[in-house]
Trainee: 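Structure below; questions to follow.
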Amino acid sequence: MATRWGICSAGKISHDFTVALKTLPLEDHQVVAVAARKLEDAQEFAKKHSISKAYGSYEELARDRDIDVVHIGVIHPYHLNTCLLFTNAKKNVLCEKPLAMNTKEVQQILGSAKKNGVFLMEAVWTRFFPVSVEIRRLLAQGELGEVKMVRSEFGVPFMHVPRAMQKELGGGALLDIGIYCLQFVSMVYNGEKPESIQASGVVHTVVAILKYSKNRMAVITCSSGVKLPNDAIIMGTKGTVRVPAMWCPTSLVVNEKETEYPVPEPYLPLNFINSTGMRYEAEEVRQCLLKGLKESTVMSHADSLLLAELEDEIRRQVGVVYSQDCQ
């Protein structure tokens with residue numbers, strides 16, 4: 001039986017996610033409803049993607065009994081209330097990253113999912129790409145030896161985008177794109193908490209040095225002001241791995257040998273590069289639901305909590321405070 005999806009928000013990421021779902025077998029994944037704050041937006045989205053139901057409020061979507069799981073694509077200052085709306089309605093949730101604005105909000109969301117007995121996952125799509133699966137295999141089998149250093153950087157100039165600039169919309173480089181660097185480091189070091197963090201920067205450019213046990217290090221750089229090389233490198237005693245386009249990777253360079261892992265072609269134009277790669281996280285959700293799981297082992301609740309804690313500490317050192325931190 002197909003996993004029946006509800007789409008919350010008719011924005012750019014929701015469009016790309018819906019396109020990605022259509023690259024998967026129809027007997028496995030179906031989009032049955034979409035909701036937006038304006039009915040006409042939902043209706044336009046539904047028409048574009050051949051979705052049978054369109055709602056002019058998120059509450060209506062939460063009441064729809066024909067939905068197995070909701071993809072939340074609203075901007076991150078609204079993640080807390082939107083997640084709680086659906087978890088309290090006993091709906092399974094895949095929420096775009098960052099899961100929330102700070103650790104306190106993440107704890108509230110995870111607590112609600114647990115209390116209501118529903119599945120919840122932060123949509124860190126990178127974790128589910130074939131490239132990431134191969135990286136975890138290389139690490140687990142010790143093919144790189146002992147990892148001593150991880151470097152990850154992501155910079156895209158989008159200061160012209162209001163969402164990236166305005167604090168009340170969750171603006172700033174760390175939560176929006178720095179999370180990709182942090183999740184990569186956390187994946188490589190298997191969810192371990194660093195012993196220390198030294199961070200410097202401003203709201204739109206951040207550099208952080210993370211020191212782990214056994215003198216293992218990591219450096220992340222993120223910027224919403226300039227374009228960076230946007231790759232990640234893992235350096236071990238037996239080899240090196242480089243990941244081009246580290247947030248949506250389609251190739252992997254292991255000891256100078258490159259292997260391609262292409263994503264499917266979209267049936268409609270996309271807003272963001274390689275967005276059909278969201279199919280992998282969608283399939284992970286389906287497999288978890290089929291097994292009756294409430295979280296994914298690949299992107300667990302503990303992983304989401306760690307990310308939020310790292311982001312909070314880096315923001316504290318850099319001096320970036322959101323209104324949500326004062327509540």
Side-chain angles (χ1 to χ4, degrees), residues 12-13 15-17 19-21 23 73 96-98 122-139 144 147 149-161 163-164 172-189 204-208 210 218-236 239-266 268-284 298-299 303 307:
K12 290 180 178 179
I13 203 77
H15 166 88
D16 285 14
F17 183 77
V19 172
L21 282 177
T23 68
E96 277 305 321
K97 54 85 212 157
E122 182 176 8
V124 180
W125 65 319
T126 314
R127 287 252 169 136
F128 305 94
F129 274 65
V131 165
S132 297
V133 175
E134 176 61 9
I135 289 170
R136 290 195 294 272
R137 187 195 70 77
L138 290 169
L139 293 169
L144 302 179
V147 174
M149 180 76 183
V150 183
R151 198 201 78 214
S152 182
E153 49 190 39
F154 192 7
V156 183
F158 61 105
M159 304 279 273
H160 58 285
V161 181
R163 182 178 65 77
L174 185 67
L175 296 192
D176 214 345
I177 57 180
I179 188 170
Y180 288 108
C181 303
L182 285 173
Q183 80 79 24
F184 185 86
V185 170
S186 294
M187 181 184 79
V188 173
Y189 287 139
H204 300 299
T205 302
V206 175
V207 180
L210 298 89
V219 179
I220 69 150
T221 308
C222 61
S223 176
S224 51
V226 293
K227 189 178 188 304
L228 294 174
N230 297 343
D231 62 1
I233 301 179
I234 306 168
M235 288 152 272
T240 301
V241 167
R242 187 170 68 84
V243 190
M246 49 74 63
W247 78 103
C248 56
T250 55
S251 67
L252 188 64
V253 185
V254 182
N255 296 327
E256 304 304 320
K257 185 190 174 191
E258 186 165 12
T259 307
E260 299 285 340
Y261 298 83
V263 293
E265 287 297 312
L268 284 174
L270 297 168
N271 294 296
F272 305 105
I273 185 174
N274 293 344
S275 277
T276 53
M278 285 192 274
R279 74 200 302 265
Y280 305 117
E281 65 180 1
E283 182 57 25
E284 172 73 5
V298 180
M299 188 62 211
D303 290 325
L307 276 182

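Side-chain atoms are counted along with the backbone in the values below, which use heavy atoms only and exclude waters and symmetry mates.
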Trainee: List the steps and the verdict of side-chain contact (heavy atoms from CB on, under 4.5 Å) for Val243 and Leu252.
Mentor: CA-CA 5 Å; Val243 190; Leu252 188 64; 3.8 Å; yes
Trainee: Quick check on ring-ring contact (aromatic ring centres under 6.0 Å, His included): which of Phe128, Phe17, Phe129, Trp125 does Tyr280 satisfy it with?
Mentor: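 That would be Phe129.
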Trainee: Among residues at least two apart in sequence or on other chains, which ones pass ring-ring contact (aromatic ring centres under 6.0 Å, His included) with Tyr189?
Mentor: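 Scan of Tyr189 (ring-ring contact (aromatic ring centres under 6.0 Å, His included), adjacent residues dropped) gives Tyr212.
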Trainee: Could you tell me whether the side chain of Arg279 and the main chain of Thr23 form a donor-acceptor pair under 3.5 Å?
Mentor: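 Looks like yes, one N/O pair under 3.5 Å.
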Trainee: side-chain contact (heavy atoms from CB on, under 4.5 Å) for Ile220 and Leu210? Distances and angles first, verdict last.
Mentor: CA-CA 8 Å; Ile220 69 150; Leu210 298 89; 4.3 Å; yes
Trainee: Please name the pair of heavy atoms, one in Pro264 and one in Thr276, separated by the smallest distance, quoted to 0.1 Å.
Mentor: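 Where Pro264 meets Thr276 most closely, the heavy atoms are O-OG1, 2.7 Å.
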Trainee: Testing the basics here: between Asn274 and Cys248, what is the closest heavy-atom pair and its distance to 0.1 Å?
Mentor: ND2-O, 2.9 Å
Trainee: Is any side-chain heavy atom of Asp303 closer than 4.5 Å to a side-chain heavy atom of Glu122?
Mentor: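 No. Closest side-chain heavy atoms not under 4.5 Å.
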Trainee: Can you measure from CZ (Phe184) to OG (Ser132) and round to the nearest 0.5 angstrom?
Mentor: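 The distance works out to 7.5 Å.
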Trainee: Rounded at 0.5 Å granularity, tell me how far CE in Met278 sits from OG1 in Thr126.
Mentor: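 Reported value, rounded in 0.5 Å steps: 10.5 Å.
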Trainee: Might you point out which heavy atoms bring Gly155 and Asn230 nearest each other, and give the distance in Å?
Mentor: N-OD1, 2.6 Å
Trainee: List the atom of Ser223, the atom of Ile177, and the distance in Å for their closest heavy-atom pair.
Mentor: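 Closest pair (atom of Ser223, atom of Ile177, distance): O-CD1, 3.0 Å.
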Trainee: Can you name the side chain to side chain donor-acceptor pair (under 3.5 Å) partners of Glu281, sequence neighbours left out?
Mentor: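 None.
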Trainee: Once you round to the nearest 0.5 Å, how far does CG of Leu139 lie from CD of Glu134?
Mentor: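 Result: 10.0 Å between the selected atoms.
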Trainee: Output all residues satisfying salt bridge (Lys or Arg N to Asp or Glu O under 4.0 Å) with Asp231, sequence neighbours left out; order by chain, then residue number.
Mentor: Arg151, Arg242
Trainee: With rounding to the nearest 0.5 Å, note down the distance linking CZ in Arg127 to CE in Met187.
Mentor: 6.5 Å
Trainee: Answer yes or no: is there a side-chain heavy-atom contact under 4.5 Å between Arg136 and Val188?
Mentor: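 In short, these two side chains do not touch, never coming nearer than 4.5 Å.
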Trainee: Report the residues that fulfil salt bridge (Lys or Arg N to Asp or Glu O under 4.0 Å) with Asp16, sequence neighbours left out, ordered by chain and then residue number.
Mentor: none
Trainee: In chain order, what residues pass the salt bridge (Lys or Arg N to Asp or Glu O under 4.0 Å) check against Glu284, with sequence neighbours excluded?
Mentor: none
Trainee: By the side chain to side chain donor-acceptor pair (under 3.5 Å) test, which pairs, at least two apart or in different chains, include something from residues 249-258?
Mentor: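 Qualifying pairs: Ser251-Glu258.
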Trainee: Parallel, tilted or perpendicular: which one describes the rings of Phe154 and Trp247, with boundaries at 30° and 60°?
Mentor: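 Phe154 vs Trp247 ring planes: parallel.
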Trainee: Which heavy atom of Ala282 sits nearest a heavy atom of Leu21, and at what distance?
Mentor: CB-CD2, 3.5 Å
Trainee: What is the minimum heavy-atom distance between Pro249 and Val131, and which atoms define it?
Mentor: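 Between these two residues, the closest heavy atoms are O-CG2, 3.6 Å.
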Trainee: Would you check if the side chain of His15 reaches a backbone N or O of Pro269 as a donor-acceptor pair within less than 3.5 Å?
Mentor: yes
Trainee: Roughly how far, to the nearest 0.5 Å, is CG of Leu174 from CD1 of Ile179?
Mentor: 8.0 Å
Trainee: At what distance, to the nearest 0.5 angstrom, does CE of Met299 lie from CG of Leu307?
Mentor: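 Going from CE on Met299 over to CG on Leu307, the span is 4.5 Å.
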Trainee: What's the verdict on side-chain contact (heavy atoms from CB on, under 4.5 Å) for Val241 and Met235, showing C-alpha distance, side-chain angles and the deciding distance?
Mentor: CA-CA 7 Å; Val241 167; Met235 288 152 272; over 6 Å; no
Trainee: Answer whether the closest heavy-atom distance between the side chains of Leu138 and Ile234 falls below 4.5 Å.
Mentor: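 No, side chains not in contact.
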